[in-house]
Amino acid sequence: MKYHFNEIEKKWQKYWADNQTFKAENNSDKPKYYVLDMFPYPSGAGLHVGHPLGYIASDIYARYKRHKGFNVLHPQGYDSFGLPAEQYAIQTGQHPALTTEENIKTYRRQLDQIGFSFDWSREVRTSNPEYYKWTQWIFIELFNSWYNINLDKAEHIDTLIEKFTSEGNTNVNAACDDDIDIFSAEDWNGLSSEQQQAILLKYRLTYLAETEVNWCPALGTVLANDEIVNGVSERGGHPVVRKKMTQWSMRISAYAERLLQGLNDIDWTDALKESQRNWIGKSVGATVSFNVIASEAKQSPTSEKHVIDVFTTRPDTIFGVSFMTLAPEHELVEKITTPEQKEAVEAYIEATAKRSERDRMADVKTISGVFTGAYAEHPFSKEPIPIWIGDYVLAGYGTGAVMAVPCGDERDYAFAKHFNIPIPNIFKDVDISEQAFSSKDNVVIDNSDFLNGLSYKEATKKAIEALESIGQGKGKTNYRLRDAVFSRQRYWGEPFPVYYVNGMPQMIDVKHLPLTLPEVEKYLPTETGEPPLGRADVWAWDTKTNTVVDNALIDHKTVFPLELNTMPGWAGSSWYFFRYMEEKANRNRTFATEDALNYWGNVDLYIGGSEHATGHLLYARFWTKFLKDRRFVKVEEPFKKLINQGMILGTSAFISVLGIQILINGKENKNFLEIEVPTKYLIPISEIVVEAHNSNSNNVINDFIDEKLNEIKSKIPDVNIVVASQINKLHVDVSFVNASDELDIEAFKNWREDFKEAFFITEKDGTFKVKREVEKMSKSKYNVVNPDQICEQYGADSLRLYEMFLGPLEQYKPWNTAGISGVHSFLKKLWKLYFDDQDLRVNNAEPNKDSLKTLHKTIKKVEEDIENFSFNTSVSTFMIAVNEFTAQKCTSKAVLEPLLVLISPYAPHIAEELWQALGHQESISTAPFPEFDEQYLVESSKEYPISFNGKTRFTMELPLDMSIEEIEKAVLANAKTQEQLQGRAPKKVIVVQGKIVNIVG
RNA sequence: GCAGAAGUGGUGGAAUCGGUAGACACGUUGGACUUAAAAUCCAAUGAGCAGUAAUGUUCGUGCGGGUUCAAGUCCCGCCUUCUGUACCA
């Protein structure tokens, strides 16, 4: 019987679906294990071979855990809100829901054919109203919460209102906005409802705030930093302006310390934890307030006093301050700039506005800045300090202002040198004539009044105390992590369950949710710059009927306007892993029942790309911590163990094309003197010929040009002919290239009309070689490989094995379809162990010693590999095992049956088929994993490598229990040893029992 | 600039604890089977030198040093590539 993989794979995929083989139980005696893949976005292009890499790895692990007796939850679903569907809708008018539905169908078909053990009964889609109802509910709960720093957790807003009512806010220690005034209980109780709401908004975990955004009026939308190039939009090149917009924000900063500390308790890679730590960016230091000295020109009795607040990690260097730098966008710049400097400052601000934030951050070589003409007063020495602006200071970071200490900071030093600003030295016995001294170790502060002679630590403490005593600063821990903007001016996202009464946001009660997306006629922003929901005619909230009603009914008494923004992509993906815990039947009552949440706890293994390091993975941790504070879930961290998979790159194929252009009397003329002569030739050249040409060892190309030239000259004598030639590289579709890098010329000609008639310079044997290069897989590079074709040609089991065989999971590696024949023939060899041409050849023969040894070393290795996520090496191990069993002519069921269980996580279809052939009625999926037994691997002797000065010369088989002395004796007695030594006496003989013998001398 | 990861044959990679570098594959070459092709099977395959051969021998894990009986692996200094990025004050 032959290995008909297509039939086998279809058969078992159907079996698994029909029998719900991989359905997870919420009640089970087995221990639980939750394996999750990062949420896929169903894009229109479908899957390419790079996408399933992580899914295959997690599937192997999930299947392995089932063999190990676990109740495994391995769900899948779609992060189905998103920009591509919306863009497509804008272009075609097709509703994003329809596009999304189509894309999901393709995804599902493609995923099914790879044979994943997903529990599809638990599928979620973020764009389904029954799902986003609960996303809206979480938003409302965030709105109804504040962060109590004393208890270090979020609480319901009612407890805050209670405090305000009884004692005001003097004793409230909350994560809140900076601009909060102190008020008493009486003050609070005397406020109007609107005033109270406005204050509460400053405390809520989600709140409305003015945020500066990159606004592109032409596109009517907000752009990300990297969508802006040289101050204009990447798409279309439209101008972009900085604009303040009122948007929803999430007070993630309240959780900064817990997000940081939580990293210590989770099993993630150090690299990933490090990037989250850097993102959170904790720094300990102090805030210092510098009073601006009112300039004479601006001095007037009414002019307000300006204060510049800075944060510094080095308050010990306060006496080293010789200037201050403000971000050009800093709000004080305009107020303090003197008339003389006005022009220069304005020009600088304008120039800065054109630079992207990223540009400003990466460029450290260019030093630029302008003096504002204003001075600040040093808090202690009362000396005037010049205030500069410079684009190395960013408005969004810290306070947007820096106290510059050039002797202790490289950047400040360079700035001071560049602009000839004094560099006072405040470090004892340190030379700062060439560079700044930025170390915190071995510092003795000098020239610093009361800080003289102190170390970094002592001086820092004392400086903070002194600042506090004069009321111009205090110790502070700063985090880089900023609150996350939660509004998007898009259509295809979750609507906010919010309506506005007198400009104040009001939440819709959860019992009236979901608030579903309204229909709009176009998916673009409105002409007045409102988000697409501004186009909806029926988008007002009737508080009497609790329904969405026509906008015409808005009277601001009982019918109010609804929020026009939608939520960002990360809203739905910040809690989906909890939704999977609940079975579909129970999902309408709550986002997940307590029983389900208690049973599954958190995700045991999470696999996905490292691009989510600081986005999704931080937000999901934030929401989990919030949900725990409010007792909706029990776990502090959502993902216990996390592995980043690398990317699969494409192996692009290029052909070299010789372009010849012939100018006759300076003109490109086909009908010169009425003789038709082609003036352009495009000649593809085989890569080997090009290489020979480049190394000057062959002139096929020059000969060809000469030949063409002579051809023309014979037709048109006595004219001035100029020939220009150039060799260019051209991407060709990888599907036209075989394993030996040879191009299918006919297929290529059919693909590219312009080469239909082209002459191809091939090898002597007529083959045409392409050049290969590794690049990102992308449509435009024609190097995309579709898993559909692979499944059809080689089968899903081959695809699964090959993706793993390519290399370590976390590494970036190129795809080359040619290599798949290796794993495919392995599967054929495996099949042949069980079937000959006609029948099953497996019998009940006693397994021989060698076969048992092969089996048990395979069990050991595969188990270790899976536990270490080293899937590539276990594929090699299978190959070795099958090669050995074949050589041993093994037919014993006692060996071949457990082998199937080992292979089943990797190649489940063939394993099921052979398992059934061995007489089993049940699926292999829960068959117990074979037990490793040491006794089969016990060796009595060892092939010792005998090396001389570290170089192995020959091997000797010696008993393992031989003593070191005896080994040394035996080795020295060996004739080959004497030959190596050539009469010399060895200086030393090193014997490592069971490992190696090294003779020195 | 900073941070992280990586660099091993023609290619993907293995060597998990400092102990026989190149497992397992792809590709290539030669052979068997076949009218032929495909498929399959067998053999060789890091580079150089010597030898008819068996074999011997030198070099060899990005580069330069070091530790060690022994280094792809450990230490110091560099180079290159990839990824991320926030001048964090």
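So you know, we letter chains A, B, ... as the sequences are listed, proteins then strands, and number each from 1.
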(request) Could you verify whether a donor N or O on one side chain and an acceptor N or O on the other, from A:S253 and A:Y479, lie under 3.5 Å apart? (result) no

(message) Quick check for you: to the nearest 0.5 Å, what is the distance between A:L833 atom CG and A:Q888 atom CD?
(response) 9.5 Å

(request) Let me know the distance between CZ of A:F805 and P of B:rA25, rounded to the nearest Å. (result) 7 Å

(request) Would you indicate which nucleotide in B:rU20, B:rC69, B:rA89 comes nearest to any side-chain atom of A:N998? (result) B:rC69

(request) Looking only at non-hydrogen atoms, find the nearest pair between A:P945 and A:T952 and report the distance. (result) CB-CG2, 3.9 Å

(message) What's the closest nucleotide to the side chain of A:T873 if the choices are B:rA15, B:rU57, B:rU40?
(response) B:rA15

(request) Please find out if less than 6.0 Å separates the ring center of A:F835 from that of A:Y3. (result) no

(request) In whole angstrom, give the distance that lies between atom CE of A:M777 and atom P of B:rC82. (result) 19 Å

(message) For B:rA89 and A:S283 - does any side-chain N or O of the residue sit under 4.0 Å from the phosphate oxygens OP1/OP2?
(response) yes

(request) Could you give the distance separating B:rA5 and B:rG9 at their C1' atoms, to the nearest angstrom? (result) 24 Å

(message) If I take atom CZ in residue A:F948 and atom P in nucleotide B:rC69, what distance separates them, rounded to the nearest angstrom?
(response) 18 Å

(message) Please give the distance between the C1' atoms of B:rA47 and B:rG64 as a whole number of Å.
(response) 23 Å

(request) Among B:rA14, B:rC26, B:rC24, find the nucleotide with the atom closest to the side chain of A:P808. (result) B:rA14

(request) Would you mind telling me which of B:rU40, B:rG19, B:rC24 lies closest to the side-chain atoms of A:M879? (result) B:rC24

